[in-house]
Amino acid sequence: MSATPDPRLKAESLTVRTLAGFDETVRVLGSKSYTNRYLAIASLSGQETVIDNALLSDDTVYLARAIEAFGHVTCDIDHATARIRVTPTGKAMRAPSEEIFVGGAGTPLRFLISMAGHAEGTTVITGNARMQERPMGDLLKALPALGVDATAVRGNGSPPIRVIGGSFKGGATSISGAVSSQFTSSLIINALRAQTDTEITISDELISKPYVEMTLAALKEMGVSVDRDEYRRFTVPAGQQARGGQVTVEPDASGMSYFLAAAAILQSRVVIPGIGAGSHQGDVHLVQALERMGCRTEVTDDSITLTGGPLHGIDIDMEAMPDVVPSLAIAAAYAEGTTRITNIASLRVKECDRIAAVTTELRKMGIDVEEHADAMYITGGTPHGAVIDTYDDHRIAMTFAIGGLRTEGVVIKDPGCVAKSFPTFWQTLDTLHPTLESTK
Ligand SMILES: O=C(O)C1=C[C@@H](OP(=O)(O)O)[C@@H](O)[C@H](O)C1
Ligand SMILES: C=C(OP(=O)(O)O)C(=O)O
């Protein structure tokens with residue numbers, strides 16, 4: 001994949017060309033979630049670490065630069081090989097004098113709040129306008145018991161967040177898992193450098209559980225073990241050191257979802273290499289959801305193949321795979337009958353309110369959507385073209401681009417927002433050469 005930025009990322013809007021069908025192998029970039037985790041763990045390990053097939057996107061580059069600001073490591077990014085080398089400088093972690101800014105990168109910001117607990121001095125971390133609305137309160141409440149004073153500068157539970165650090169000693173804390181799993185992952189990862197054992201009790205129900213599995217898997221791969229009582233309690237024994245060396249990031253399951261949805265609605269075939277049955281990424285399970293809707297799938301140890309068929313609506317609880325809800329929603333728009341997607345309240349506090357955004361934009365295309373506080377009921381039909389607002393949300397842009405492969409006249413505004421997680425998305429979309437005659 002080219003390391004040259006796609007000029008379309010600067011366009012005001014893009015009109016998507018329709019395709020009659022395709023039969024392609026599509027390579028997607030490395031996982032955003034694993035790249036964030038390896039970066040954070042490597043930086044706390046004190047060992048040189050090489051991260052191969054790293055995702056190099058807005059979010060992960062923000063995290064790498066923010067980590068460097070603490071002075072204890074450098075993160076050298078090689079765009080040509082998709083490699084990040086994290087090298088200790090031998091200096092202690094210190095709060096940077098400048099505010100840390102991470103744009104719209106939610107996971108990085110949440111990881112950095114706990115990380116700043118290790119850095120002597122006062123760190124202020126913030127992001128873009130939407131980031132300044134996203135919830136951090138549960139994490140702020142959990143950190144004092146571990147020795148870290150973290151507060152919202154404006155007292156509203158959202159960034160900017162001020163952390164008085166150098167004091168992450170460990171101990172026992174409890175945290176709500178109801179709003180985001182990223183808080184729990186942040187505590188588990190950063191407990192790696194605590195002076196004593198760290199015991200994290202989930203005070204209610206943890207959402208987005210596969211992401212915590214990914215946290216544990218990344219730590220395990222780097223030689224760190226975490227004791228657990230299912231999803232109720234996680235204990236990170238003190239005195240462990242993550243090994244450095246080399247790790248390879250698997251392809252991003254959320255990024256893959258757009259190409260699965262494309263094959264589903266175009267009754268086409270797609271093969272995604274490099275990811276398969278053993279993946280801890282919860283978004284891989286979109287495959288089974290699309291199978292239930294009428295697709296044929298084959299999942300091996302290291303590839304996923306999906307062949308689209310006539311689609312029909314299903315009822316599905318998507319609490320464990322929030323990021324691929326828009327991808328399923330676009331498939332639902334072309335399915336016969338109603339798809340009821342439930343248990344997705346967390347979508348309201350992502351890069352935008354994704355329940356509202358998907359509802360509004362599907363309705364613009366003539367699709368009937370019933371919007372609920374934590375659910376969407378989508379009745380499939382014959383969508384028509386529309387100018388799609390993307391709300392500075394990569395997943396809204398990529399989702400509706402897929403609709404544009406099947407429906408004439410879909411225009412995606414602000415196509416550059418895909419750079420948050422998939423800067424080569426438009427180039428990857430170009431690789432779906434029509435095997436039949438293009439309709440345009
Ligand atoms: O830990 C992670 O890497 C992520 C966790 C999820 O967030 P929530 O736990 O807030 O649902 C997901 O939406 C996000 O894109 C990435
Ligand atoms: C919700 C997302 O990311 P984050 O929370 O890391 O901003 C996402 O990538 O869909």
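For the single chain, residues carry numbers from 1 onward in sequence order. Both counts, for ligands and for their atoms, begin at 1 and track the order of listing.
Using a non-hydrogen distance threshold of 4.0 Å, Gly104 registers as a contact of ligand 2. Contact annotation: Arg130 has no heavy atom less than 4.0 Å from any atom of ligand 2.
When ring centroids are compared, His372 and Tyr377 come within the 6.0 Å threshold.
Taking the six-membered ring where tryptophan is involved, the planes of Phe101 and Tyr62 are perpendicular, since the angle between them exceeds 60° and thus also 30°.
Short contacts between ligand 2 and Lys420, defined as distances under 4.0 Å to a heavy atom of the residue, involve ligand atoms 3 (O), 4 (P), 7 (O). Contact atoms of ligand 1 toward Asp323: 12 (C), 13 (O), 14 (C), 15 (O) (distance under 4.0 Å to a heavy atom of the residue). Atoms of ligand 1 lying under 4.0 Å from at least one heavy atom of Ser180, given by number and element, are 8 (P), 9 (O), 10 (O). Short contacts between ligand 1 and Thr107, defined as distances under 4.0 Å to a heavy atom of the residue, involve ligand atoms 1 (O), 2 (C), 3 (O), 4 (C), 16 (C). Those atoms of ligand 2 with a heavy atom of Lys32 less than 4.0 angstrom away are 2 (C), 3 (O), 4 (P), 6 (O), 8 (C), 9 (O).
Ligand 1 has a nitrogen or oxygen under 3.5 angstrom from a nitrogen or oxygen of Ser33. Ligand 2 has an N or O atom lying under 3.5 Å from an N or O atom of Gly106, backbone or side chain. Taking any N or O of Lys32, backbone or side chain, at least one lies under 3.5 Å from an N or O belonging to ligand 1.
Ion pairing between a basic and an acidic side chain is recognised when a charged N comes within 4.0 Å of a carboxylate O; Lys420 and Asp59 show such pairing. Using a cutoff of 4.0 Å between basic side-chain nitrogens and carboxylate oxygens, Arg8 and Glu12 are not scored as salt-bridged. Under a 4.0 Å N-O distance rule, the pair Glu351/Arg354 qualifies as a salt bridge. Taking the charged nitrogens against the carboxylate oxygens, Lys32 and Asp252 have no contact shorter than 4.0 Å, which rules out a salt bridge. A salt bridge links Asp389 with Lys364: the closest approach of a Lys/Arg side-chain nitrogen to an acidic carboxylate oxygen falls below 4.0 angstrom. A salt bridge links Arg85 with Glu48; the closest basic N to acidic carboxylate O contact falls under 4.0 Å.
Of all protein heavy atoms, the one lying nearest to atom 7 (O) of ligand 1 is Gln182 NE2, 3.1 Å. Remark: minimum distance from atom 6 (O) of ligand 2 to any protein heavy atom is reached at Thr107 OG1, 2.5 Å. Regarding atom 4 (C) of ligand 1, its nearest protein heavy-atom neighbour is Tyr211 CD2, 3.3 Å. Of all protein heavy atoms, the one closest to atom 1 (O) of ligand 1 is Arg37 NH2, 2.7 Å. The single protein non-hydrogen atom nearest to atom 9 (O) of ligand 1 is Ser181 OG, 2.6 Å, given as residue, atom name and distance. In terms of protein heavy-atom proximity, atom 8 (P) of ligand 1 is nearest to Lys350 NZ, 3.3 Å. The nearest protein atom to atom 10 (O) of ligand 2, hydrogens excluded, is given as Arg395 NE, 2.6 Å; this is a heavy-atom distance.
Annotation: cation-pi geometry satisfied between Arg228 and Tyr231 (NZ/CZ under 6.0 angstrom from ring centroid, within 45° of ring axis).
Under 4.0 Å from ligand 1, not a single heavy atom of Met214 appears. The proximity of Arg134 to ligand 2, defined as any non-hydrogen pair under 4.0 Å, is limited to the side chain. The part of Ser208 lying near ligand 1 is the side chain, judged by heavy-atom distances below 4.0 Å. When non-hydrogen atoms are compared, ligand 2 lies under 4.0 Å from the side chain of Asp323 (C-beta onward) but not from its backbone. Contact annotation for Met131 and ligand 2: no heavy atom of the residue comes within less than 4.0 Å of the ligand.
A donor atom on one side chain and an acceptor atom on the other are found under 3.5 Å apart for Ser176 and Asp204. Side-chain contact annotation: Ser186 with Arg110, donor-acceptor N/O pair under 3.5 Å absent. In this model, a donor atom of one side chain and an acceptor atom of the other lie less than 3.5 Å apart for Thr215 and Ser185.
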Side chains of residues 142-160: which donor-acceptor partners sit under 3.5 Å, not counting sequence neighbours?
unit_1	atom_1	unit_2	atom_2	d
Arg154	NH1	Gln132	OE1	3.0
Arg154	NH2	Gln132	OE1	3.1
Asn156	OD1	Ser158	N	3.1
Ser158	OG	Glu133	O	3.4
Ser158	OG	Arg134	O	2.9

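The closest non-hydrogen atom to atom 2 (C) of ligand 2, taken over Glu351, Lys350, Arg110, Gln182, comes from Glu351.
Lys209 NZ: more than 12 foreign heavy atoms inside a 6.0 Å radius.
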